[in-house]
*Asks:* 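First the structure, which I've put down as structure tokens, then a few questions once you've had a look.
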Amino acid sequence: FKLIYPIRYEYFTNSANWLKYMGFGKKSSGGIYGISRVNPFSQIDSRFFRGDLMKKIFGLGYGNCSQSENLQIFQSEFYLKNIHFQYYWFATAYTYLENGICGLMSYLILVIGCIYESLKSIIRKTNRNLGIFSFMLSFAYVFIFFYNQSLITSAGYIFYFALAGIFII
């Protein structure tokens with residue numbers, strides 16, 4: 001590893017460097033990312049919201065952080081100004097920026113509702129296979145939400161469609 005990535009090798013020599021690499025800590029710059037995968041909320045609060053309670057609760061507004069690689073007309077001013085922070089790489093950071101705590105809570109309610117309906121279906125043995133599938137998908141949703149941006153891209157609609165199955169049947 002040292003021969004292939006000599007610059008990044010130092011981050012993996014001890015646990016303190018690894019935590020810095022991943023972006024832990026209040027004074028972290030985000031590690032290898034502009035906004036950290038593991039600590040986006042405090043970084044967004046300090047860089048963008050700057051103590052504004054309304055922004056923390058409601059975010060900057062739906063669509064105000066949008067990025068479009070293909071059509072420049074759909075790129076927001078905020079995106080163009082802050083592209084170097086790469087906040088759009090992770091669904092958590094993107095959602096928190098656009099929708100604040102209310103947006104994050106709505107996603108949480110969605111997942112809790114899916115887990116509840118899935119367990120209800122499994123316990124009552126009605127559509128048991130669909131319930132098990134939806135239950136596993138709900139937990140995968142949480143991990144994907146923190147892991148990358150796939151839930152806020154066009155591919156995310158397939159995921160939402162699959163989760164909706166438990167409510168339809």
Side-chain angles (χ1 to χ4, degrees), residues 18-19 21-25 28 30-45 47-49 53-76 78-79 82-83 85-169:
W18 182 81
L19 292 173
Y21 179 80
M22 292 304 293
F24 279 100
S28 174
I32 58 171
Y33 314 106
I35 298 291
S36 171
R37 171 182 295 170
V38 294
N39 189 20
F41 308 113
S42 64
Q43 292 171 0
I44 289 171
D45 286 343
R47 288 185 184 158
F48 303 113
F49 296 164
L53 185 61
M54 291 302 285
K55 285 183 181 175
K56 193 172 186 174
I57 294 172
F58 297 109
L60 299 174
Y62 194 72
N64 284 335
C65 304
S66 295
Q67 54 117 3
S68 174
E69 294 179 18
N70 299 328
L71 299 170
Q72 289 183 351
I73 193 170
F74 294 120
Q75 292 177 344
S76 69
F78 180 86
Y79 168 75
N82 298 293
I83 190 172
F85 285 117
Q86 301 159 335
Y87 63 87
Y88 49 87
W89 281 8
F90 306 111
T92 46
Y94 190 82
T95 303
Y96 185 55
L97 264 172
E98 279 198 336
N99 305 315
I101 294 171
C102 287
L104 290 174
M105 294 306 288
S106 67
Y107 274 89
L108 180 65
I109 290 168
L110 170 80
V111 173
I112 290 172
C114 288
I115 291 172
Y116 173 76
E117 288 297 322
S118 300
L119 288 175
K120 199 164 73 170
S121 177
I122 293 168
I123 291 169
R124 291 184 182 167
K125 297 182 181 177
T126 58
N127 298 320
R128 186 177 170 99
N129 289 338
L130 181 63
I132 292 170
F133 174 74
S134 182
F135 184 76
M136 292 187 314
L137 203 58
S138 298
F139 278 100
Y141 177 92
V142 173
F143 292 112
I144 293 171
F145 189 66
F146 282 93
Y147 184 71
N148 64 22
Q149 67 178 355
S150 60
L151 294 175
I152 56 174
T153 62
S154 298
Y157 295 119
I158 296 169
F159 201 88
Y160 296 122
F161 178 72
L163 275 177
I166 194 68
F167 294 103
I168 296 170
I169 297 177

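Keep in mind that the numbers below use all heavy atoms, side chains included, and drop hydrogens, waters and symmetry copies.
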*Asks:* Rounded to the nearest 0.5 Å, what separation is found between the CG atom of Leu60 and the OG atom of Ser66?
*Replies:*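 Output value for this atom pair is 11.0 Å.
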*Asks:* Rounded at 0.5 Å granularity, tell me how far CZ in Phe58 sits from CG in Asn99.
*Replies:* 11.0 Å
*Asks:* Kindly give the heavy-atom pair with the smallest separation between Pro40 and Ala93, and that separation in Å.
*Replies:*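 For Pro40 versus Ala93, the nearest heavy atoms are CB-CB, 4.0 Å.
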*Asks:* About how many Å separate CD1 of Ile115 and CG of Leu110, when rounded to the nearest 0.5 Å?
*Replies:* 9.5 Å
*Asks:* Find out whether Leu104 and Phe41 are in side-chain contact, i.e. whether some heavy atom of one side chain is under 4.5 Å from a heavy atom of the other.
*Replies:*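 Contact flag for Leu104/Phe41 side chains = yes.
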*Asks:* Just checking Phe49 against Tyr96, ring centres under 6.0 Å apart?
*Replies:*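 Between Phe49 and Tyr96, the centre distance is under 6.0 Å.
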*Asks:* Indicate yes or no: at least one non-hydrogen side-chain atom of Phe78 is less than 4.5 angstrom from one of Asn64.
*Replies:*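 When only atoms from C-beta onward are counted, Asn64 and Phe78 do not touch, as no gap falls below 4.5 Å.
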*Asks:* Rounded at 0.5 Å granularity, tell me how far CG in Leu97 sits from OG1 in Thr92.
*Replies:* 10.0 Å
*Asks:* I need the Cys102 SG to Tyr107 OH distance, nearest 0.5 Å.
*Replies:* 13.5 Å
*Asks:* Count the heavy atoms belonging to other residues, nucleotides or ligands that lie under 6.0 Å from OH of Tyr160, then report whether that count exceeds 12.
*Replies:*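 It does: Tyr160 OH has more than 12 such atoms within range.
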*Asks:* Kindly give the heavy-atom pair with the smallest separation between Leu130 and Gly165, and that separation in Å.
*Replies:* CD2-O, 3.5 Å
*Asks:* Which residue is it: Tyr79, Tyr94, Phe48? I am looking for the one with a ring pair (Phe, Tyr, Trp, His ring centres under 6.0 Å) to Phe85.
*Replies:* Phe48
*Asks:* Test Phe159 against Ile144 for side chain to side chain contact (heavy atoms under 4.5 Å, CB included), laying out the working first.
*Replies:* CA-CA 10 Å; Phe159 201 88; Ile144 293 171; 3.9 Å; yes
*Asks:* Any side-chain heavy-atom pair from Ile166 and Ser121 closer than 4.5 angstrom?
*Replies:*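 The answer is yes; the side chains approach within 4.5 Å.
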*Asks:* Would you say the ring centroid of Phe135 lies under 6.0 angstrom from that of Phe139?
*Replies:*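 Close enough - the centres of the two rings lie under 6.0 Å apart.
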*Asks:* Do side-chain atoms of Glu98 reach the backbone of Gly63 as a donor and acceptor pair under 3.5 angstrom?
*Replies:* yes
*Asks:* Taking it one step at a time, do Phe167 and Cys114 satisfy side chain to side chain contact (heavy atoms under 4.5 Å, CB included)?
*Replies:* CA-CA 8 Å; Phe167 294 103; Cys114 288; 3.5 Å; yes
*Asks:* Measure the CD1-CG distance between Ile123 and Leu119 for me, rounded to the nearest 0.5 Å.
*Replies:* 5.5 Å
*Asks:* Is any side-chain heavy atom of Tyr87 closer than 4.5 Å to one of Cys65?
*Replies:*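 A side-chain contact under 4.5 Å exists here.
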*Asks:* Under a 4.5 Å cut-off applied to non-hydrogen side-chain atoms, are Leu163 and Ser134 in contact?
*Replies:*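 Touching, per the 4.5 Å side-chain cut-off.
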*Asks:* Quick one: are Ile35 and Arg47 in side-chain contact, heavy atoms under 4.5 Å?
*Replies:* yes
